[in-house]
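Only a predicted model underlies this, so the values are computations on that prediction, with no experimental measurement involved.
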Amino acid sequence: MEREQSCSAAVKDEFHPNPHIDAQTLILKSIFFLDGVGEVIVTCNSDGLFWELVDFPESVGSGCMGIKLVPDVAAEVKFSDAYAVEFDDFGVIHKSKLAAVASCMICNEYEKQMYRFTVHSFQRSKSQPAHWALTMFTFGHEDQQTCQMWVNQINASLDLEVERPKNLLVFVNPKSGKGIGSRTWEAVAPIFLRAEINTKVIVTERAGHAFDVMASIANEDLKMYDGIVAVGGDGFFNEILNGFLLSRHLAHYPPAPSDIVDVVQAEGNYSSEAITEDVDRSEDQSPLLLSAKYGGSGLSTSQNSTVYGFDSAFDRWFRFGIIPAGSTDAIVMCSTGYRDPITSTLQIVLGKRVHLDIAQVVRWKETPTSKLEPLVRYAASFAGYGFYGDVITESEKFRWMGPRRYDYAGTRVFLRHSSYEAEVAYVDIKSEDTNTNGKRVLCCHNCSICSTKVYLQHSNTGSDSSQDETRWLKSKGRFLSIGAAVISCRNEKAPDGLVADAHLSDGFLHLILIRDCHHALYLWHLTQLAKKGGNPMDFKFVEHHKTTAFTFTSFGNQSVWNLDGELFEAHQLSAQVFRGLISLFASGPDA
């Protein structure tokens, strides 16, 4: 006890009483007992809490055999990483177990009763940095007012983290994955409560329920929220996304196949030809976007440069969050780096933000009057035809199997080895327009490519946006699959994703054409996808094109499209990408 008194006297509680000093400059310093560690000197400044162990006599901290024992604990918690602080009233503080061992538990009080407060934060896994785990630091002091003063100061500092949400609309799909949607939400809901985030929770009762709610809710009501959270899989998020965008996103349609593919081409599995499209800027009613509207362009603009997009409140502040409870959760894997409900929840409550490209997919159907009528859908991760669509169609027959149905359905579709005749035209992108100059650059946290301003307009054919020509290439033949990846689509079955170097927000699609080939070669391609560090693109029958828009026309026997896990039938289809169209509550994948 004499040692404790002398240490407490050595460092007095310090604070600045000056009323002109705000939460950003106020500095506090006190001695506390940190639960499980021991006596520490704690400093609070504008960045966070920092502490160090009080210097003990040489005999303390040495074991019975003279071995020096030092607790391996954190020495700081930044306010940017903390999401709550709570005053815990009077209770037990545990001293360091190492201190008890060091003194052989002689004349050592292992527990101490005092006033306490707890700071809630997270820590990264040492083996997997993208995995965030809950952690908390409980400090004890004999004076209640000292604890309360620190709680007030920490709360004031947390209030300065203005990017954090206060009100969220939450959709829970109870049937996601293995039917774990509701249990997943129950596990993470206390984190939102502790962070003092108000949540309105809607548990969906049927397919399309979330879409209907999002499509019908008035913008004024939606602006009451800082964002929308989906507890489910990629398909469930796609439902919410389409309900939001279809009634709110304004943009020109991409060109229909008949607008681009107007050259008769001889059949052949490896035929490809270039088409040059002249865009008439004086045509006010042209159904085509100007060439400056494609590559990495973000929102499209009309002839008088009016921006087509959202209400500014949605564009600048509104965000989407995904708490994974699905079968693959590719969007979560790509945007957070780890498939874990706690990690995703922490990134939501801490107000993390990344921009995400969105693909607008349009089905063109001819009406009785020979007019092409569009049907619009949006995809956040992937649009796939052939093998990808057949797997989803086949898996619907075996929903009772849960997520395992995809493996079973995939095997059946693979053995069937169906190919489909189609014609694909796509915008040709030069390497200097891709932000990477032909180099393979992986998307990561604070990615330099994704962090460039999303509203800048770029031309398809170069940085000179005055050019009036867009160069299109056309491929025709029989394909096992046609895929357009918005992001890398990492998942547990494909650890590097379909395209390892795809980015969250660079304004490009990755068009992957798998031509008809021998069964064994296709199996080899699929095994490369399933292998970490594999090379699934290094085959002659695989075409990989980085583009901003493409068109598709099928002939003869048809498959269906798979849009983020949702089925979409289309004989004629076109797609374009909008750079950084929405924002996610996520920090981006770790390098």
Quick one: does Glu373's side chain have a donor or acceptor within less than 3.5 Å of a partner on Lys365's backbone? no
Report the C-alpha distance between Ile487 and Ile331 in whole Å, list the side-chain angles of each, state the deciding distance to 0.1 Å, and finish with yes or no for side-chain contact (heavy atoms from CB on, under 4.5 Å). CA-CA 8 Å; Ile487 56 180; Ile331 301 174; 4.3 Å; yes
Can you tell me if Thr204 uses its side chain to pair, donor with acceptor, with the backbone of Arg206 under 3.5 Å? no
Consider only side-chain N and O atoms of Asn242 and Asn238, and report whether a donor and an acceptor are under 3.5 Å apart. yes
Which residues pass the side chain to side chain contact (heavy atoms under 4.5 Å, CB included) test with Glu163, sequence neighbours left out? Trp317, Arg319, Arg353
Charged N to carboxylate O under 4.0 angstrom, Asp159 versus Arg164? no
Would you list the pairs meeting ring-ring contact (aromatic ring centres under 6.0 Å, His included) in which at least one residue belongs to residues 161-195, sequence neighbours left out? Trp185-Phe192
Taking the inter-plane angle between the rings of Phe318 and Phe244 on a 0 to 90° scale, is it parallel (under 30°), tilted (30 to 60°) or perpendicular (over 60°)? parallel
Decide, yes or no, whether a salt bridge links Arg579 with Asp357 under the criterion of side-chain N to carboxylate O below 4.0 Å. no
Can a side-chain donor-acceptor contact be found between Ser587 and Gln347 if the only test is distance below 3.5 angstrom? yes
Tyr83/Ser121 under side-chain contact (heavy atoms from CB on, under 4.5 Å): CA gap, chis, key distance, verdict: CA-CA 6 Å; Tyr83 64 92; Ser121 182; 5.5 Å; no
Can you check whether Trp561 and Phe552 have ring centres sitting under 6.0 Å from each other? yes
From the list Val172, Asn173, Ile323, side-chain contact (heavy atoms from CB on, under 4.5 Å) partner of Thr184 resolves to Ile323
Would Ser381 and Asp234 count as having a side-chain donor-acceptor pair, cut-off 3.5 Å? no
Given 3.5 Å as the limit, does a donor-acceptor pair link the side chain of His503 with the main chain of Val441, or not? yes
Cationic N near anionic O, under 4.0 Å, Lys223 to Glu220: yes
Derivation and outcome, salt bridge (Lys or Arg N to Asp or Glu O under 4.0 Å), residues Arg339 and Asp329: CA-CA 7 Å; Arg339 184 188 183 191; Asp329 300 307; 2.7 Å; yes
Where do Arg416 and Glu394 land on the salt bridge (Lys or Arg N to Asp or Glu O under 4.0 Å) test, with the steps shown first? CA-CA 11 Å; Arg416 198 180 301 154; Glu394 187 76 13; 3.1 Å; yes
Take Val170 and Lys200, measure what side-chain contact (heavy atoms from CB on, under 4.5 Å) needs, and give me the verdict at the end. CA-CA 6 Å; Val170 180; Lys200 179 180 179 180; over 6 Å; no
Pair Asp259, Tyr253: side-chain N/O donor-acceptor within cut-off below 3.5 Å: no
What's the verdict on side-chain contact (heavy atoms from CB on, under 4.5 Å) for Thr118 and Phe137, showing C-alpha distance, side-chain angles and the deciding distance? CA-CA 5 Å; Thr118 299; Phe137 302 95; over 6 Å; no
Which of Thr343, Leu346, Leu134 passes side-chain contact (heavy atoms from CB on, under 4.5 Å) with Phe122? Answer is Leu346
Tyr420 vs Tyr385 aromatic rings, parallel, tilted or perpendicular, using cut-offs 30° and 60°? perpendicular
When you look at Asp407 and Lys493, which way does the salt bridge (Lys or Arg N to Asp or Glu O under 4.0 Å) test go after all the steps? CA-CA 10 Å; Asp407 293 333; Lys493 301 294 183 182; 3.1 Å; yes
Can you list the residues that meet the side-chain hydrogen bond (donor to acceptor under 3.5 Å, both in side chains) rule with Glu566, with sequence neighbours excluded? none
